[in-house]
Number of protein chains: 2
Amino acid sequence: MARDLIDLLWRDHPDAPRGGARGPRARVTTSQVVDAAVALADTEGLAAVTARRLAGDLGLSTMSLYTHVGSRDDLLVLMADAVHAAAPRPPHTEDDWRARVRRVAEANLALHTAHPWLLEVTDQRTALGPGTIAKYDHELHALDPMGLSDVDRDAALTFVLDFARAAARARRPDPHAARMAESWPETGRRLAAYLGADHPLAQRVGAAAGAANNAAYNPEAAWRFGLARVVAALAPLTE
Amino acid sequence: MARDLIDLLWRDHPDAPRGGARGPRARVTTSQVVDAAVALADTEGLAAVTARRLAGDLGLSTMSLYTHVGSRDDLLVLMADAVHAAAPRPPHTEDDWRARVRRVAEANLALHTAHPWLLEVTDQRTALGPGTIAKYDHELHALDPMGLSDVDRDAALTFVLDFARAAARARRPDPHAARMAESWPETGRRLAAYLGADHPLAQRVGAAAGAANNAAYNPEAAWRFGLARVVAALAPLTE
DNA sequence: TGTTACCTTGTACATCGTACATAGTTTTGC
DNA sequence: GCAAAACTATGTACGATGTACAAGGTAACA
């Protein structure tokens, strides 16, 4: 199979180099490897996606993987592009750009919620993949009614996506945070002892924000706050 | 020395457990370990901060490090708190909240530019450190003139910091991107061949944004665009 | 029927974090 | 003074990880 990342990203394209039909047929396709990796990362986190584990899941020997993907870094790019390609792209029916922007943000929050490991994939080569490009195109079209210049349109979309990404990061269950919450009575007590009466504002606001965060309703409230801010941020551009 | 993360974070506090003066005096302090780790990460990236390398830089055996820091994960938290503690906190003199918000954003961009590895430290226990809390307090005070509720004040600050963080991420020189840029003539040609005439909007906007990005002036322009958006986003809150 | 091209596999290596046992060094309590 | 206690420093070792490399097997082409 091809080793080159670009050809692997575009492996479903008619012009992509097909595997010459000599030797034995591959027991798995690159797409099967990528799908298995995505499934594994979704359920057990990106750290579980090791060559040995993934090969085991696929019934292959460890090194056979490298016939299909090139390297682990390449695999991460392929995984990201796969979930980008699979993300729904409903037609933009609404006229109101605000509603469209909200939909884009919500779709990205949903994407990162379904695949939290996306936050750990920062490889810029992801932009070369067909799924990522299709997603980019679809989201650019969401901003059609705003009448922006090309550069501003890109910048505005980046602004929305960065917000969604940051919100997803804040929601992500961190293993360290989990252990921290578990022993919070003790930890909080000691922290309070060190803090004393210093930074009263930080203590008060932090407590308020923390209480709001723990109240079950809050992630949604925080999201709506941010989303309203994003819409307000973009409004001046449309005048 | 103490092994517990909280005690290490607060090691300069009068109430922190001092090392009982029995055995030989430690050849390095925890602060020296953390400072050396920060210096190493600043110059060679976080991946270079390994136990063996760091110990070597300090003239210690590998395992001696663990007398001073507990674990690598703990070390990352200590590093983040150290740079938070060292960040300048000039008094907020301006009355205009917009100017104050811009200063906060710029300070955070500068922080992440000086220490790009901060983007890789996502451990939530960082919030327990004195440097991080002092930074939080100072930045909350920047928003004093806005007259926000506690919860909104925290959310507004989060909004600003997330923006700065995303901007820093976009600017960060990625090793993969560097190699990509190097061989771009070839890569771009093949990508164009695959893309053909599909996604014309993405191609046009992507090209425009890419051109603007490569024009040396741009990072600054993109930053100003985003910063103006952030200020516009927060303006409705002050009415 | 080679020959060629491809897939699969096993072995091996460098590197990582760090558990653990050991040994050395200084203060403390008698 | 001296043993005990508390502390630091070190070396060895283990289980992971990514992946280079060589060898072997298998199907289609000449």
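Residue numbers start from 1 in every chain, and the chains themselves are labelled A, B, ... in the order their sequence lines are given, proteins ahead of strands. Bear in mind that the values here come from a model prediction, so they are computed numbers and not experimental data.
At a non-hydrogen distance threshold of 4.0 Å, V49(B), T50(B), A51(B), R52(B), T62(B) from residues 33-62 of chain B come into contact with DNA chain C.
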List, with names and distances, any nitrogen or oxygen atoms from the protein found under 3.5 Å away from nitrogen or oxygen atoms belonging to nucleotides 28-30 of chain C.
residue, atom, partner, partner atom, Å
dT28(C), O4', R22(B), NE, 3.3

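Between R3(A) atom CZ and dA20(D) atom P there is a gap of 8 Å when expressed in whole angstrom units. A straight line from OH of Y66(A) to P of dA12(C) spans 18 Å, rounded to a whole angstrom. dT18(C) atom P lies 7 Å from atom CG of D73(B), rounded to whole Å. When the C1' atom of dT27(C) is taken as reference, atom CZ of R18(B) falls 18 Å away, rounded to whole Å. Spacing between atom CG of D74(A) and atom P of dG18(D) amounts to 14 Å, rounded to whole angstrom units.
In terms of phosphate contacts, S64(B) brings a side-chain nitrogen or oxygen within less than 4.0 Å of OP1 or OP2 of dT10(D). For the pair R27(B) and dT26(C), the criterion of a side-chain N or O lying under 4.0 Å from OP1 or OP2 is not met. OP1 or OP2 of dT8(D) has not a single side-chain nitrogen or oxygen of H68(B) nearer than 4.0 Å.
Among residues two or more places apart in sequence or in another chain, the ring pair (Phe, Tyr, Trp, His ring centres under 6.0 Å) test is passed with F159(B) by none. Looking at residues two or more places apart in sequence or on another chain, you find a salt bridge (charged side-chain N to carboxylate O under 4.0 Å, His left out) between E44(B) and R53(B). Taking the side-chain hydrogen bond (donor to acceptor under 3.5 Å, both in side chains) definition, one finds that S31(B) meets it with R11(B), sequence neighbours left out. By the side-chain hydrogen bond (donor to acceptor under 3.5 Å, both in side chains) test, E182(B) is found to be paired with no residue, residues two or more places apart in sequence or in another chain being considered. Every residue was checked against the side-chain hydrogen bond (donor to acceptor under 3.5 Å, both in side chains) condition with D35(B), not counting sequence neighbours, and none meets it.
Using a cut-off of 4.0 Å between Lys/Arg side-chain N and Asp/Glu carboxylate O, R89(A) and D137(A) are scored as not salt-bridged. Taking a cutoff of 4.0 Å between a charged side-chain nitrogen and a carboxylate oxygen, D162(A) and R165(B) do not qualify as a salt bridge.
For M63(B) and G23(B), each mapped to the nucleotide of DNA chain D holding its nearest heavy atom, the one lying further toward the 5' end belongs to G23(B). Mapping R72(B) and V28(A) onto DNA chain C by nearest heavy atom places V28(A) closer to the 5' end of the strand.
Applying the salt bridge (charged side-chain N to carboxylate O under 4.0 Å, His left out) test to residues at least two apart or on different chains, the pairs with a partner in residues 124-134 of chain B are D74(B)-R125(B), D123(B)-R125(B). For residues 106-139 of chain B, every residue pair satisfying the ring pair (Phe, Tyr, Trp, His ring centres under 6.0 Å) rule, not counting sequence neighbours, is listed here: H92(B)-H138(B), H115(B)-W117(B).
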